Every structure is written in structure tokens, then in C-alpha cells.
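First up is the structure itself, then whatever we jot down about it.
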2 protein chains.
Amino acid sequence: MGIGRHDLLTIGQLAERSGLATSALRYYEKLGLIHADRTTGNQRRFARSTLRRVAFVRAAQQVGLSLEEVRTALDRLPHDRAPSHQEWNAVAIAWQRRIDRQIAELELMKRKLTGCIGCGCLSLTRCALYNAEDRAAQAGPGARYLLTRDPASGPEPLPSAE
Amino acid sequence: MGIGRHDLLTIGQLAERSGLATSALRYYEKLGLIHADRTTGNQRRFARSTLRRVAFVRAAQQVGLSLEEVRTALDRLPHDRAPSHQEWNAVAIAWQRRIDRQIAELELMKRKLTGCIGCGCLSLTRCALYNAEDRAAQAGPGARYLLTRDPASGPEPLPSAE
DNA sequence: GTGCAACTTGAAGTCGACTTCAAGTCAAGC
DNA sequence: GCTTGACTTGAAGTCGACTTCAAGTTGCAC
């Protein structure tokens with residue numbers, strides 16, 4: 001089980017195995033999300049571990065991160081070899097926290113909607129969904145935290161029949 | 001409590017109360033997401049119920065819908081008056097299902113990651129995160145369902161120590 | 001050693017979701 | 001009735017995340 005040339009992937013192979021276009025991979029490389037060594041003829045050769053990084057990038061985008069944010073997150077991992085168990089765990093755990101936050105946000109949104117369904121949502125003065133936005137405006141121009149918890153006030157009371 | 005001119009909002013008022021820029025609201029109107037009547041002098045006047053629609057649009061974007069998708073969803077609501085309880089409920093419930101799907105997807109992603117942390121994730125042949133992507137590639141070029149359940153196979157087994 | 005698919009680069013194009021600009025019109029308080 | 005801030009339009013600009021293009025180079029199977 002020596003280290004043969006199968007340990008390095010051409011950009012075409014990486015594209016095929018990751019499901020991404022080669023143009024996207026070149027773009028990711030330019031952004032510093034992935035790294036490639038070069039052959040003497042200047043062609044890219046990717047380490048196999050790049051597949052994991054790419055999977056990570058796609059997953060992160062799914063959760064709503066920009067590529068810039070992903071880059072920051074991935075900076076904790078070595079760019080040219082497989083990460084150690086420890087390195088990977090650190091990133092994975094941070095990552096789980098991010099997912100948890102996202103889930104919490106969605107659940108908050110859902111709860112608000114549940115309140116709207118059950119209660120007099122049609123009354124504009126009581127609809128939590130509506131009010132969430134309306135209060136956002138009070139916070140000043142450009143306030144755009146949407147249905148997120150209002151940073152300026154404690155946890156929101158659930159909307160209820162009254 | 002008669003119907004006075006306070007029942008209509010100028011674009012500036014709508015912007016202030018929704019937290020969006022007037023340019024965004026004009027853009028939404030162009031896309032058919034919201035509707036405005038016009039004064040004799042051609043200025044927009046929005047019904048108060050537009051605030052709810054706008055809140056909805058922002059919430060939908062948060063969950064990852066494009067404005068085009070939002071438009072389709074909102075087409076079930078009347079554009080120029082407050083929706084009836086029934087109309088609103090129908091949309092809200094469909095909406096909750098969408099949120100549930102999104103949450104389920106995130107939880108799947110998290111479970112995969114949990115497996116990665118506990119197990120030999122560094123083995124490329126066993127990492128669920130990695131394999132999810134890799135299998136996507138097998139499905140043909142352009143397959144991009146990311147960490148979603150593979151449509152071609154049943155529910156995925158959880159990654160485990162073995 | 002040659003042929004051809006796969007690679008290289010930089011520049012330009014695209015798409016969604018807006019924002020900014022310019023030049024002009026409206027509404028309402030004094 | 002005038003002033004001034006809020007409004008109107010269409011066109012162009014921006015940003016992130018890519019894709020497409022053109023023109024040239026490399027790697028490898030035969």
C-alpha cells in the first residue's frame with residue numbers, strides 16, 4: 001500500500017467525484033478554500049483529502065455560510081494533507097454548533113407561525129410574525145435580523161391566543 | 001375606527017416599518033410579490049396587509065427560498081387585502097412543512113457529523129459526509145443534492161463506529 | 001513521437017437580489 | 001402658492017458565486 005499517483009487527483013477527477021464543475025473548483029482554489037500542488041507542466045494535483053474539504057464547503061453553503069465564512073472555518077484544517085482526528089473534531093464540533101443555531105432559528109420561526117395559525121393572526125397588532133419585522137424597523141435603518149431573536153430584548157414570549 | 005388614510009402606507013412608511021429599503025420594495029413590486037394602488041399623482045399606496053406579506057418574504061428567504069419561489073407560494077393570498085383566516089392558515093401550514101423539511105435536512109447533516117466525530121471519519125471510505133458527496137458524483141454529472149437524502153436510495157443508515 | 005482529451009490562464013458573461021444614480025414629479029405644511 | 005422632502009422612472013452598478021470563452025499547453029495511450 002504505497003503512495004502511488006492515485007493519491008493525487010486531477011481537477012477533472014476531483015470534479016467527477018465531488019459533483020462540482022472544474023470551474024467551481026478553480027474558483028474555490030482562487031479563494032483559498034482548497035489547495036493544489038502542481039505538476040512540472042503546471043497542472044493541478046489535489047490531495048485526496050480535498051474531497052472532504054469540498055464536501056464541507058458544500059455542506060456549509062447549505063447551512064447558509066458564504067464562501068468567505070467557510071474559508072475562515074476551514075483555515076483550522078491543514079490544506080494539503082488529511083486532518084488529524086483532533087483537528088477534524090474541532091471543526092466538526094464548531095460546525096454542529098452552527099447547525100444547532102440554524103435549527104433553533106427555524107424552530108423559532110415555526111413557533112411564531114404556529115401562534116399565527118391558532119390565534120388571531122389576522123389582527124396586525126398581535127401577529128408575532130408581523131411584529132417581529134415591525135420592531136426590527138424601530139431598531140433603526142438597516143436593521144435586518146429578520147425573524148431572529150431580537151438582540152436588544154430578552155427571549156421572545158411565544159405568541160398566544162391573548 | 002373608520003377607514004381613514006392611515007390604512008394605506010406610502011413606500012417610505014412601508015420601508016420604515018418593514019426594515020427594508022424602498023428600492024427593495026419597488027423591486028418586490030416589480031416581481032409581483034407585493035401590490036400597490038396608485039394615487040392620482042402616481043405614487044404607490046400599500047395596504048397594511050402588505051406588511052405581513054413582506055414579513056413572509058423575508059422569512060421565506062431565511063429558509064432558503066428564492067423570490068420566485070416565494071411569489072408562487074404567496075400567489076395563494078389576495079394581493080390587495082388582508083387574507084382571510086383560512087387563506088392565511090393554508091399558507092402558514094404549507095410553510096411550516098417547508099420549515100420542517102429544512103430542519104430535518106439540517107438534523108441529518110448534524111447526525112452525519114456526529115458520526116464523523118465519534119468514528120473513524122478520517123477513513124475516506126467510511127466518512128458519511130465524504131461519501132454523501134462522492135455518491136452524488138456517481139449519480140451522473142450535475143448531481144448536486146449535497147447532504148440531502150439520496151433520492152435513489154432509501155433512508156441512509158447512520159454512520160457508526162463500524 | 002504523435003494525436004487528442006484534458007488541462008492552463010485571464011477576461012468577460014450570467015444570475016439573483018438588490019442599490020445607486022439622474023432627472024424629473026407630487027404632497028402637504030407654512 | 002411655494003418650498004421641500006418624499007416620491008416617480010429607467011438604466012446602470014454591485015456583489016457573490018460561478019460559467020463560458022478563447023487561445024494556448026500538457027500528459028499519456030498508441
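Everything numeric in this text was worked out from a predicted model, so none of it was measured. Throughout, a chain's letter reflects where its sequence line sits, starting with A, and its residues are numbered from 1. The analysis underlying the following values was restricted to heavy atoms, covering all of them including side chains, and did not include hydrogens, waters or symmetry mates.
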Rounded to the nearest 0.5 Å, what's the gap from [atom1] on [X] to [atom2] on [Y]? Could you check?
{"X": "A/Leu14", "Y": "A/Tyr28", "atom1": "CG", "atom2": "OH", "value": "11.0 Å"}
{"X": "B/Ile99", "Y": "A/Glu105", "atom1": "CD1", "atom2": "CD", "value": "11.0 Å"}
{"X": "A/Ser49", "Y": "A/His35", "atom1": "OG", "atom2": "NE2", "value": "9.5 Å"}
{"X": "B/Glu107", "Y": "B/Asp100", "atom1": "CD", "atom2": "CG", "value": "9.5 Å"}

(request) Indicate the atoms forming the closest heavy-atom contact of B/Ile11 with B/Leu25, along with that distance. (result) O-CD1, 3.8 Å

Measure [atom1]/[X] against [atom2]/[N] and give the value in whole Å, please.
{"X": "B/Phe46", "N": "D/dA6", "atom1": "CZ", "atom2": "P", "answer": "16 Å"}
{"X": "B/Arg58", "N": "C/dA17", "atom1": "CZ", "atom2": "P", "answer": "11 Å"}
{"X": "B/Leu20", "N": "C/dA17", "atom1": "CG", "atom2": "C1'", "answer": "12 Å"}
{"X": "B/Tyr27", "N": "C/dC15", "atom1": "OH", "atom2": "P", "answer": "12 Å"}
{"X": "A/Gln13", "N": "C/dA6", "atom1": "CD", "atom2": "P", "answer": "11 Å"}
{"X": "B/Leu33", "N": "C/dG16", "atom1": "CG", "atom2": "C1'", "answer": "13 Å"}
{"X": "B/Leu25", "N": "D/dA6", "atom1": "CG", "atom2": "P", "answer": "16 Å"}
{"X": "B/Glu16", "N": "D/dA6", "atom1": "CD", "atom2": "C1'", "answer": "12 Å"}

What is the nucleic acid contact for [X], judged by heavy atoms within less than 4.0 Å: base, sugar-phosphate only, or nothing?
{"X": "B/Thr40", "result": "nothing"}
{"X": "A/Thr22", "result": "nothing"}
{"X": "B/Ser23", "result": "base"}

(message) I'd like to check the salt bridge (Lys or Arg N to Asp or Glu O under 4.0 Å) partners of A/Glu68; sequence neighbours left out, ordered by chain and number.
(response) A/Arg71

Show each protein N/O and nucleotides 8-10 of chain D N/O combination with a separation under 3.5 Å, one pair to a line.
from  : atom 1 : to      : atom 2 : distance (Å)
D/dT8 : OP1    : B/Arg44 : N      : 2.6
D/dT8 : OP1    : B/Arg44 : NH1    : 2.9
D/dT8 : OP2    : B/Arg44 : NH1    : 3.0
D/dT8 : O5'    : B/Arg44 : NH1    : 3.4
D/dT9 : OP1    : B/Arg38 : NH1    : 3.2
D/dT9 : OP1    : B/Arg38 : NH2    : 3.2
D/dT9 : OP2    : B/Arg44 : NH1    : 2.9
D/dT9 : OP2    : B/Arg44 : NH2    : 2.5

(request) List in numerical order all residues of residues 67-76 of chain A for which some heavy atom is under 4.0 Å away from an atom belonging to DNA chain C. (result) none

(message) Has B/Arg53 got a side-chain atom pairing as donor or acceptor with B/Leu33's backbone, closer than 3.5 angstrom?
(response) yes

(message) Please check this pair: side chain of A/Glu69 against backbone of A/Ser66, looking for a donor-acceptor N/O pair closer than 3.5 Å.
(response) yes

(message) With no hydrogens and no angle check, just 3.5 Å: does a side-chain donor-acceptor pair link B/Gln102 and A/Gln102?
(response) no

(message) Less than 4.0 angstrom between a side-chain N/O of B/Thr10 and OP1 or OP2 of D/dA6, yes or no?
(response) no

(message) Quick check on D/dA17: is either OP1 or OP2 less than 4.0 Å from any side-chain nitrogen or oxygen of A/Tyr28?
(response) no

(message) Going by the rule side-chain hydrogen bond (donor to acceptor under 3.5 Å, both in side chains), which residues pair with B/Thr39 if we only count those two or more places apart in sequence or in a different chain?
(response) none

(message) B/Ala36: which residues meet the side chain to side chain contact (heavy atoms under 4.5 Å, CB included) condition with it, sequence neighbours left out?
(response) B/Glu29, B/Arg44, B/Phe46

(request) State, with a plain yes or no, whether a side-chain heavy atom of B/Arg58 is found less than 4.5 Å away from one of B/Leu20. (result) yes

(request) For the side chain of B/Gln61, starting at C-beta, report the closest nucleotide among C/dA17, C/dT20, D/dT19. (result) C/dA17

Could you list the protein-to-nucleotides 12-14 of chain D atom pairs, N/O on both sides, closer than 3.5 Å?
none

